[in-house]
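Order of the sequence lines sets the chain letters (A, B, ...), proteins ahead of strands, with each chain counted from 1.
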Number of protein chains: 2
Amino acid sequence: MSEVEGGAAAGLSHRVPDLGALQLLLAVARLGSLGRAARELGISQPAASSRIRAMERQLGVGLVDRSPRGSRLTDAGVLVTDWARRVVEAAEAFDAGAEALRDRRDSRLRVAASMTVAEYLLPGWLIALRRERPDTAVSLLAGNSAAVVERLLAGEADLGFVEGRTAPRGLRGAIVARDRLVVVVGPDHPWASRRAPLTPAELAATALIQREEGSGTREVLDAALAGHGGLAAPLLELTSTTALKAAVASGAGPAVLSELAVAEELAAHRLVQIPVEGVELRRALRAVWRSDARPTGPGRDLLSLTRRAQ
Amino acid sequence: MSEVEGGAAAGLSHRVPDLGALQLLLAVARLGSLGRAARELGISQPAASSRIRAMERQLGVGLVDRSPRGSRLTDAGVLVTDWARRVVEAAEAFDAGAEALRDRRDSRLRVAASMTVAEYLLPGWLIALRRERPDTAVSLLAGNSAAVVERLLAGEADLGFVEGRTAPRGLRGAIVARDRLVVVVGPDHPWASRRAPLTPAELAATALIQREEGSGTREVLDAALAGHGGLAAPLLELTSTTALKAAVASGAGPAVLSELAVAEELAAHRLVQIPVEGVELRRALRAVWRSDARPTGPGRDLLSLTRRAQ
DNA sequence: ATGAGGGCATAAGCTGGAGTTATGAGTGAG
DNA sequence: CTCACTCATAACTCCAGCTTATGCCCTCAT
């Protein structure tokens, strides 16, 4: 999917300043002075000065107007800083996720989550949690729904997140988000230019590109199309969501995916969503916990965060 | 806005692998071998091996299972790779934008764009354009609508993008996207918990946090509320959209902003959108060009891209 | 069985980028 | 006039990441 992994992007790290430099630029923008920004990041003022200058040389554009009373962004600098903010925000999400992945032991809150939740939603929640309760150590274990349930029942996790149509037995839960499955094709696929919505029968009769095992998606799809002749045999089975999206984007065929997984591709029109009439392909994303272990402390905090974001 | 620029994130670059390492990880995931990934990125196999190992040490998690027949991601590795992809994609957008900012001269396509378009939409378009026409050099000049028009009329730009309710005179244009203005407040603001939509009169009577000069937003807002008593005096005037969002998020008051500018904050519930009844705060984003210089070649390519993404 | 080849790891050495401290020069406020 | 702040330059240190050279392991084909 996308140029990101193609050969053309090979030199990215030579053309894009590293995270430290981007963060420094954000600090300069906010604080209005190289020296103050340096102090905030714990480096010396000359280091900051030279780094910003190196970044300007690398990009070939002036970013800050220096004056004896401080530094302000140039017009180009404003734009660059806004783009930089995206990169740093993505890095923050990476960091929050990675930290949770690391602290396997001695964490105050042990979370087990399905892949969809862990990939798309949890980093944002963890960032918010970190902001509210900076000293909460969270550990994350990602797996399929069965594994999540198992961890909870074994007392090896305090809070779980699963997708599925019903709450697993033996556990209490609350819906924290909803997830819609959408039919997508590549922009050159014939369906991309059709005007009428797909009928459930059509969808059922079409061979789809699918994930190998029924990653929760299949279950919902099966149920929704049960009355319309059942699901056709897969056109292709792939192991990763990424590979699947790439195959769909290149026109190999249609697929049904969580809208969380394809939001960016839809926005950039690398994929096209095809409406389907008459079936609701929704599923709930639930927080779950053992009936005898209602979340307290940090678990409660995280839970209330996720419900607020519903 | 957000921890991104706060002191707590100071050590980000020590905890997050650099872009090169993330890109290498993506390549390993895709190609299934450290050596092949190394070759693709133009580095030696030991370099790749040591870099991945360093990354695993840094994150405290195993990412790839090495075998004599290749390397596959571990479960944690899949998750980390997905998070990494976000960072690299943001870096790609940064790169595409920065490249356009740099090539002031001798570019085949000179684009002038308003801030909103340059910030949120153009990088994606440039990435798509690069994929379709790899050798198109684009230069970008960002400014307000008046500046964009001026450049076009002076023949210093081939294609422009402006927001506004009407197409500027002397230019031809086509609507390429629409942009909705939304009322936002911080999550703790009283409005965040109200159930009824805002009335236009209420909105008109409320002092808002605003950008300093009427950045196109004000024009639309004025027009929409003209029949309801006109806009109240500003509560606060700030220079940058970023500062504005930060002020709103911390509860200083309500503001009216493009939904493009607040999409992420809404998703993470750092801001809350308040519906307004009865007024449509929409505006068009237009591609514009001189009547006697209809875009050809690369300009035409970019234009068709943007219209496809409408 | 026995190379050949692909895959990964280790070791030794080089290099450059980013950091440091020390210092100077410009500007505005008290 | 002097202090307090800004930024820039210079000289030096250090380490992360690169390279080449090599070795081991496994599999597959001859």
Rounded to whole angstroms, how far apart are [atom1] on [X] and [atom2] on [N]?
| X | N | atom1 | atom2 | result |
| --- | --- | --- | --- | --- |
| A/Gln45 | C/dG24 | CD | C1' | 12 Å |
| B/Arg39 | C/dC8 | CZ | C1' | 13 Å |
| A/Arg69 | C/dG30 | CZ | P | 13 Å |
| B/Asp65 | C/dC8 | CG | P | 12 Å |

Report yes or no: does [X] contribute a side-chain atom to a donor-acceptor pair with the main-chain N or O of [Y] at less than 3.5 Å?
| X | Y | answer |
| --- | --- | --- |
| B/Thr74 | B/Gly62 | yes |
| B/Lys245 | B/Leu271 | no |
| A/Glu119 | A/Leu260 | no |
| B/Arg72 | B/Gly70 | no |
| A/Glu265 | A/Arg270 | no |
| B/Thr81 | B/Gly77 | yes |

Is A/Ser44 touching bases, backbone alone, or none of the nucleic acid, heavy atoms closer than 4.0 Å?
base
Check nucleotides 12-17 of chain C against the protein and report each pair of N or O atoms closer than 3.5 Å, with its distance, or say if there are none.
none

Below the 4.0 Å mark, does C/dG6 have OP1 or OP2 next to a side-chain nitrogen or oxygen of B/Ser33?
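Answer no for this pair, as no side-chain N or O of B/Ser33 is under 4.0 Å from OP1 or OP2.
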List the steps and the verdict of salt bridge (charged side-chain N to carboxylate O under 4.0 Å, His left out) for B/Glu264 and B/Arg86.
CA-CA 14 Å; B/Glu264 282 172 26; B/Arg86 307 285 175 89; over 6 Å; no
Who are the salt bridge (Lys or Arg N to Asp or Glu O under 4.0 Å) partners of [X], not counting sequence neighbours?
| X | result |
| --- | --- |
| B/Arg36 | none |
| A/Arg53 | none |
| A/Asp82 | A/Arg85 |

Need two values: the first and the last nucleotide of DNA chain D, 5' to 3', having an atom under 4.0 Å from any heavy-atom of chain A.
D/dT6 to D/dT9
With a 4.0 Å heavy-atom cut-off, tell me which residues in residues 46-58 of chain B come close to DNA chain C, sorted by residue number.
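B/Pro46, B/Ser49, B/Arg53, in order of number.
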Between OG1 of A/Thr116 and CG of A/Asn144, what distance do you get to the nearest 0.5 Å?
11.0 Å
